[in-house]
Amino acid sequence: MAAVVLVHGLYHRPEHFAVVAERLRAAGTHVVVPGLHRGSLPDDTAVVQAAIDSLHEPPIVLGHSYGGSVITGVRGAGHLVYLAAFVLDAGESAASLGGASPQLLDAISPEPDGSTSLHPDRAVDLLYGDCPEPLAARAVGLLRAQAPGCGRGVPEHHSWKHDPSTYVVCGQDRAIAPDLQRKMASRCTNVREWQTGHSPFIGQPDLIVELLQDLLATNTPRSRDEGVTTTR
């Protein structure tokens, strides 16, 4: 069975991908949505790597936002999809690239235990400003606190240098500047641009489902020991 792994970003949960996952499963795709928030980029990457390793064939792996930092460090993907996400090179972190917009930085609130959270009112505009109000409200209600330091994590492996990849630029994004996304997208095999905000899996899930189904239809399964070398 064809498989997809969906990797959420900071402050998010697997439940944010619920509609996308349900529609893919209804079409016969095996979908895994690992939960992150393990405290560090290496720990988050290990969780996703375990999900990939549990599958019979290399899956399509989609990372959103910080999830791009995570999927950059994995091995064994059949195709990588970076959705408004960080494509990191050697020595880089999301923070070192200036990833968060000034508005997003201003929305982050420190918690007494050292974690951070997003101010709910500001999160609506930043993350879900183009989504219908009931969907945006539900998405904000799912947000959770985030351990510090993940955005400063540096991957040890760079999967986009070896595996085919697609970058989706979200052209109306207020959380990660579209111009920065376009620069990172130049590292990928293919690039698409949608005129959406940061979180199309909430407001326009059909876009993501259609993209993944297109990739599943054209993705040639390969064994785990068969590498793909690309020149960029």
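Hydrogens, waters and symmetry mates are skipped; everything else that's a heavy atom, side chains included, is used.
Cluster membership check: V7 shares its hydrophobic cluster with V31, using side-chain heavy-atom separations under 4.5 Å among Ile, Leu, Val, Met, Phe, Trp and Tyr. Clustering ILVMFWY residues whenever any of their side-chain heavy atoms sit less than 4.5 angstrom apart, transitively, puts L10 in a cluster other than the one holding V47. V154 and I71 sit in two unconnected hydrophobic clusters of ILVMFWY residues. Membership requires side-chain heavy atoms under 4.5 Å apart, directly or through other members.
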| Which is it for L41 and V70 under the side-chain contact (heavy atoms from CB on, under 4.5 Å) test, yes or no, and what are the steps along the way? | CA-CA 7 Å; L41 177 59; V70 176; 3.8 Å; yes
| message | H12 vs L127, test: side-chain contact (heavy atoms from CB on, under 4.5 Å). Steps then yes/no. | response | CA-CA 11 Å; H12 284 69; L127 305 179; 3.8 Å; yes
| field | Working for side-chain contact (heavy atoms from CB on, under 4.5 Å), residues V4 and F17 | value | CA-CA 12 Å; V4 170; F17 275 119; over 6 Å; no
| Pair V48-L36, side-chain contact (heavy atoms from CB on, under 4.5 Å): steps then yes or no | CA-CA 8 Å; V48 176; L36 304 185; 3.9 Å; yes
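The two residues C170 and A84 come nearest to each other via the heavy atoms SG-CB, 3.8 Å. Shortest non-hydrogen contact noted between H198 and L126 is CB-O, 4.0 Å. Annotation for A21 and V33: closest pair CB-CG2, 4.3 Å, computed over non-hydrogen atoms. Across every non-hydrogen atom of P155 and G153, the tightest pair is CD-O, 3.9 Å. Of all the heavy atoms in P34 and P14, the pair that sits closest is O-CG, 3.7 Å. A95 and R152 make their closest contact through CB-CG, 3.9 Å (heavy atoms, listed as atom of the first residue, atom of the second, distance).
The pair E92-K183 does not meet the salt-bridge criterion, since no charged nitrogen lies less than 4.0 angstrom from a carboxylate oxygen.
In this structure a side-chain-to-backbone donor-acceptor pair under 3.5 Å is present from W160 to L88. Put simply, the side chain of Q181 gets close to the backbone of I176: a donor and an acceptor are under 3.5 Å apart. Checking side-chain atoms of Q49 against main-chain N and O of R75 turns up a donor-acceptor pair under 3.5 Å. In this structure, the side chain of R182 does not engage the main chain of V169 through any donor-acceptor pair within 3.5 Å. Checked by atom type and distance alone, the side chain of T72 never pairs as donor or acceptor with a backbone atom of H158 at under 3.5 Å. In this structure, the side chain of H16 does not engage the main chain of F201 through any donor-acceptor pair within 3.5 Å. With T166 contributing its side chain and R192 its backbone, the two residues share no donor-acceptor pair below 3.5 Å. Under the 3.5 Å distance criterion, the side-chain polar atoms of D130 are matched with a main-chain donor or acceptor of G197. Distance alone, capped at 3.5 Å, places no donor-acceptor pair between the R174 side chain and the Q103 backbone.
Inter-residue side-chain proximity for L135 and Y128 is flagged as unmet; no heavy-atom pair is nearer than 4.5 Å. Annotation: side chain of L104 is in contact with side chain of L118 (closest heavy-atom distance under 4.5 Å).
Here CG of L6 is found 8.0 Å from CD1 of I208. Values are rounded to the nearest 0.5 Å. Note that the NE2 atom of H157 and the OG atom of S159 stand 5.5 Å from one another [nearest 0.5 Å]. One distance of note links NE2 of H79 with CG of N190; it measures 6.0 Å at 0.5 Å rounding. Separating the CZ atom in F86 from the CG atom in L97 is a distance of 7.0 Å, to the nearest 0.5 Å. Rounding to the nearest 0.5 Å places CG of D89 at 12.5 Å from OG of S93. Distance NE2/H64 to OG/S199: 4.5 Å, rounded to 0.5 Å.
Listed by chain and residue number, nothing satisfies the side chain to side chain donor-acceptor pair (under 3.5 Å) test with S69 (two or more places apart in sequence, or in another chain). For E156, the side chain to side chain donor-acceptor pair (under 3.5 Å) test picks out no residue, with sequence neighbours left out. With sequence neighbours left out, Y66 forms a side chain to side chain donor-acceptor pair (under 3.5 Å) with D44. Every residue two or more places apart in sequence or in another chain that forms a side-chain contact (heavy atoms from CB on, under 4.5 Å) with P205 is listed here: V19, V20, R23.
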Distance-only donor-acceptor pairs under 3.5 Å for side chains of residues 105-112, two or more places apart:
from : atom 1 : to   : atom 2 : distance (Å)
D106 : OD2    : R122 : NH1    : 3.3
E111 : OE2    : S117 : OG     : 2.4

Atom pairs and distances, side-chain donor-acceptor, residues 136-145, under 3.5 Å, sequence neighbours left out:
none

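Counted by atom type alone, S186 and Y167 present zero donor-acceptor pairs between their side chains at under 3.5 Å.
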